[in-house]
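A short write-up of the structure that comes next.
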Amino acid sequence: MADDSGYPEGVAYVDGDFRPLSEAKISVLDWGFLRSDATYDVVHVWDGKFFRLDRHMDRFMASVEKLRMTLPVDRDGLANILNECVSRSGMRESYVEMILTRGRSPTFSRDPRDAVNNFIAFAMPFGWVMNEEQRQRGINIVIAETRRIPVESVDPTVKNYHWLDLVAGMFESYDRGGESVVLTDLAGNITEGPGFNIFAVKDGRAATADRGVLQGITRQTATELCEELQISVDIGTVTADALRGADEIFITSTAGGIMPVTRIDGEAIRDGKPGPMTGRLTELYWAKHDDPA
Ligand SMILES: *Cc1c(COP(=O)(O)O)cnc(C)c1O
């Protein structure tokens with residue numbers, strides 16, 4: 001899955017042209033790089049088809065607006081570029097990222113209004129938050145001491161690269177024998193992890209955080225699948241204790257769908273095996289990939 005340069009195979013769209021992913025570069029002066037001043041979205045392609053592309057484009061375009069940036073293409077143009085990256089790559093399963101950075105100012109002014117926004121897209125091989133063995137047994141997630149950036153500072157509903165809190169949390173987790181991490185907000189309530197939302201199931205009801213999180217498309221799909229299975233979902237406050245005391249836990253992400261968590265801070269959730277509701281939801285999630293909608 002890597003070419004001679006060691007980069008994953010794939011196709012990118014940069015500076016208005018398609019090229020091999022290994023040759024896609026941006027300037028070191030781009031504020032996307034220097035200031036994490038960017039937004040992005042990721043949609044996956046499974047068996048040659050995009051999954052929920054409209055929702056990902058809606059969220060991306062809303063994020064662009066919230067950051068007061070301008071996309072150089074319209075919605076159809078965006079869809080065409082994403083399609084083209086995938087078809088040129090020849091991949092049937094891929095992870096397709098669209099990015100708009102602040103770019104840079106032609107006069108090197110420090111005023112963000114002077115910047116020319118920079119649109120980049122690429123298709124690369126499908127990547128999973130968890131490997132196959134982890135998806136079978138479920139992972140051990142640590143609740144980090146590091147807190148998620150407050151919503152008063154950075155709007156978490158804009159998908160962004162402000163990952164230093166999440167990365168610090170990942171190191172905390174590895175130091176404590178964990179495999180991934182979830183961060184709490186300043187009040188100690190559960191928010192999300194590096195690239196995923198998290199659900200706790202108790203007495204047949206599912207719960208996930210309403211605030212301090214990205215409104216994940218997979219979170220939304222999982223909520224709809226719960227409705228289909230007549231499982232109630234509480235979108236509200238999930239305390240750290242509620243997570244520890246759950247009957248089952250799962251995470252949701254475009255990079256892997258619905259996946260089981262079987263330990264929190266090393267302590268087994270119930271019998272330490274992936275829960276039955278998680279199993280049913282995962283199956284239904286992948287079955288939906290054959291549904292034309
Ligand atoms: C992308 C992401 C998610 C998951 O969102 P999906 O749309 O389901 O892929 C959750 N939290 C953060 C911080 C993310 O970046």
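All ligand and atom numbering here is 1-based and tracks the order in the structure. Worth saying up front: this structure is predicted, and the values here are computed from it rather than measured.
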Applying side-chain contact (heavy atoms from CB on, under 4.5 Å), run through V261 and F250 and close with a yes or a no. CA-CA 5 Å; V261 174; F250 59 87; 5.9 Å; no

Does [X] reach ligand 1 with a nitrogen or oxygen that is under 3.5 Å from one of the ligand's nitrogen or oxygen atoms?
X    : answer
V42  : no
T252 : no
T254 : yes
K159 : yes

For residues V14 and I120, determine if any side-chain heavy atom of one lies less than 4.5 Å from a side-chain heavy atom of the other. yes

[atom]: which protein heavy atom is closest, and how many Å away?
atom                    : value
atom 4 (C) of ligand 1  : G195 O, 3.5 Å
atom 11 (N) of ligand 1 : E192 OE1, 2.8 Å
atom 5 (O) of ligand 1  : G216 CA, 3.4 Å
atom 8 (O) of ligand 1  : T218 OG1, 2.6 Å

Strictly under 4.0 Å, does any heavy atom of R59 approach an atom of ligand 1? yes

Give a yes/no verdict on whether any heavy atom in Y161 is under 4.0 Å from an atom of ligand 1. no

Numbered in order shown, the ligand 1 atoms found under 4.0 Å of a heavy atom of Y40 are 15 (O)

Y40-Y161 aromatic ring centre distance below 6.0 Å: yes

Step through it carefully: locate the ring centre of F33, locate the ring centre of W31, and say whether they are under 6.0 Å apart. no

Straight-line distance of L82 CG to M98 CE, nearest 0.5 Å: 5.0 Å

Among F50, F126, Y95, exactly one meets ring pair (Phe, Tyr, Trp, His ring centres under 6.0 Å) together with H44. Which residue is that? F126

Between E192 and K159, does any NZ, NE, NH1 or NH2 come within less than 4.0 Å of an OD or OE carboxylate oxygen? no

Which residues satisfy the side-chain contact (heavy atoms from CB on, under 4.5 Å) test with N131, sequence neighbours excluded? E133, Q134

Counting heavy atoms under 4.0 Å, the part of I217 that contacts ligand 1 is both

